[in-house]
Amino acid sequence: MSGARLSRDQRGRRPGGRLAGVRTSWHTVDDGDFFCPGCGGDRSYRRRTGRRRFVVLGVPLLSRGSVAPVLECAACRGHFGTEALDHPTTNRLSVLLRDAVHAIALTVLTAGGCDSRAAREAAVQTVRDAGYTACTEEQLLTLLSALAAERDATADSVTAEIELHEALAPLAPHLAAAGRESLLLHGAHIALADGPYCAPEREALAAVGRSLHLAEDDVDRLLAQARTPH
């Protein structure tokens with residue numbers, strides 16, 4: 001789909017108005033969905049490129065070069081830089097949050113062992129609450145077995161933290177501190193379901209904190225907070 005229209009500063013410059021001016025012709029090259037900074041919600045957009053031309057009596061004469069590509073919101077018609085695509089849509093953010101909780105649950109269970117039924121039940125409930133409503137204990141155990149076999153094969157002590165970072169890193173920049181702290185607390189509550197933290201659980205939760213860009217002091221504070229009865 002392609003089209004053209006006047007830039008905002010040229011609207012209304014029709015015959016009978018100014019005889020000459022600079023007009024920007026816009027052409028659509030792509031479309032999709034994004035989080036519109038103007039509307040504050042998920043919207044459709046058109047990615048548009050433009051060329052500026054000097055126009056006399058409605059006739060384009062001289063090129064004045066191209067303008068930077070923009071994203072045009074289908075709802076508010078606002079123009080925004082392509083960096084707006086760096087912000088995930090609401091739907092995408094929900095998926096990232098769901099996957100992050102799932103990754104944290106697996107990390108904590110792996111660290112503390114999966115022998116505790118209380119820990120497994122806490123992990124299943126946490127993952128269900130995050131959006132995987134059909135999650136079962138059997139599914140988690142199957143994933144844990146597969147992860148354990150893969151890590152034993154690689155014999156790489158940092159594999160688990162790398163995988164955790166890959167799950168959390170795309171999400172962390174888009175969450176306020178309270179949101180990142182809430183994710184860590186999810187993991188802490190799973191670890192505490194069968195008693196006090198063991199050393200591997202504390203190390204795993206510290207890795208979660210690093211991936212979420214939480215300071216070490218904040219991680220310690222949150223782990224202590226999770227132990228406090230409500």
Side-chain angles (χ1 to χ4, degrees), residues 88 92-230:
R92 175 59 179 159
L93 192 60
S94 296
V95 171
L96 290 173
L97 280 167
R98 183 190 66 187
D99 291 348
V101 172
H102 190 263
I104 291 169
L106 290 175
T107 297
V108 173
L109 287 179
T110 299
C114 55
D115 294 334
S116 167
R117 184 172 186 84
R120 295 197 304 268
E121 290 177 346
V124 169
Q125 189 59 53
T126 299
V127 171
R128 285 177 177 172
D129 291 344
Y132 282 113
T133 55
C135 177
T136 65
E137 188 174 324
E138 182 180 357
Q139 288 174 345
L140 285 185
L141 288 173
T142 300
L143 282 172
L144 287 169
S145 296
L147 288 172
E150 180 181 341
R151 288 165 186 167
D152 286 345
T154 60
D156 186 350
S157 60
V158 299
T159 298
E161 184 163 353
I162 291 175
E163 292 172 349
L164 178 67
H165 181 77
E166 289 176 347
L168 302 185
L171 173 65
H174 305 294
L175 292 180
R180 288 179 279 124
E181 291 181 356
S182 177
L183 285 174
L184 180 64
L185 287 172
H186 282 312
H189 292 146
I190 294 171
L192 291 169
D194 59 349
Y197 306 115
C198 63
E201 286 173 337
R202 288 194 67 94
E203 292 172 5
L205 291 167
V208 171
R210 287 191 293 272
S211 294
L212 291 172
H213 305 160
L214 294 172
E216 185 176 343
D217 288 346
D218 288 329
V219 170
D220 291 340
R221 171 179 58 80
L222 291 165
L223 296 188
Q225 175 184 322
R227 291 198 305 264
T228 303
H230 295 284

N/O donor to acceptor pairs below 3.5 angstrom from side-chain atoms of residues 192-209, sequence neighbours left out:
| from | atom 1 | to | atom 2 | distance (Å) |
| --- | --- | --- | --- | --- |
| Asp194 | OD2 | Ser116 | OG | 3.4 |
| Tyr197 | OH | Leu223 | O | 2.8 |
| Glu201 | OE1 | Cys198 | N | 3.0 |

Sequence neighbours excluded, the answer for side chain to side chain contact (heavy atoms under 4.5 Å, CB included) partners of Glu138 is Thr136, Thr142
Step by step, work out the side-chain contact (heavy atoms from CB on, under 4.5 Å) result for Arg120 and Leu141.
CA-CA 9 Å; Arg120 295 197 304 268; Leu141 288 173; 3.6 Å; yes
Close side-chain approach of His174 and Leu93, heavy atoms under 4.5 Å
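When only atoms from C-beta onward are counted, Leu93 and His174 do touch, with a gap below 4.5 Å.
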Interatomic distance, Leu168 atom CG to Thr107 atom OG1 [nearest 0.5 angstrom]:
7.5 Å
Atom pair NE2 (His189) and CD1 (Ile104), whose distance is rounded to the nearest 0.5 Å
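Between His189 NE2 and Ile104 CD1, I get 12.5 Å after rounding to 0.5 Å.
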Mind checking side-chain hydrogen bond (donor to acceptor under 3.5 Å, both in side chains) for Gln125 and listing every partner two or more places apart, or none if nothing turns up?
Asp129
Going by the rule side-chain hydrogen bond (donor to acceptor under 3.5 Å, both in side chains), which residues pair with Arg227 if we only count those two or more places apart in sequence or in a different chain?
none
Among residues two or more places apart or on two chains, list those pairs meeting ring pair (Phe, Tyr, Trp, His ring centres under 6.0 Å) that have a residue in residues 96-133.
His102-Tyr132
A quick test of your reading: do over 12 heavy atoms of other residues, nucleotides or ligands sit less than 6.0 Å from CZ of Arg98?
yes
Can you establish whether the number of heavy atoms outside His165 located under 6.0 Å from its atom NE2 is more than 12?
no
For Arg117, give me all partners under salt bridge (charged side-chain N to carboxylate O under 4.0 Å, His left out), at least two apart in sequence or on another chain.
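With sequence neighbours excluded, Arg117 shows a salt bridge (charged side-chain N to carboxylate O under 4.0 Å, His left out) to Glu121, Glu137, given in chain and number order.
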Just distance, no hydrogens or angles: give the donor-acceptor pairs under 3.5 Å from side chains in residues 176-184, sequence neighbours left out.
| from | atom 1 | to | atom 2 | distance (Å) |
| --- | --- | --- | --- | --- |
| Arg180 | NE | Leu175 | O | 3.3 |
| Arg180 | NH1 | Leu212 | O | 3.1 |
| Arg180 | NH1 | His213 | O | 3.2 |
| Glu181 | OE2 | Arg221 | NH2 | 2.8 |

Determine the minimum heavy-atom distance between [X] and [Y], stating which atoms define it.
X	Y	result
Val124	Cys135	CG1-O, 3.8 Å
Ala169	Pro173	O-CD, 3.1 Å
Ala123	Ile190	CA-CD1, 3.8 Å

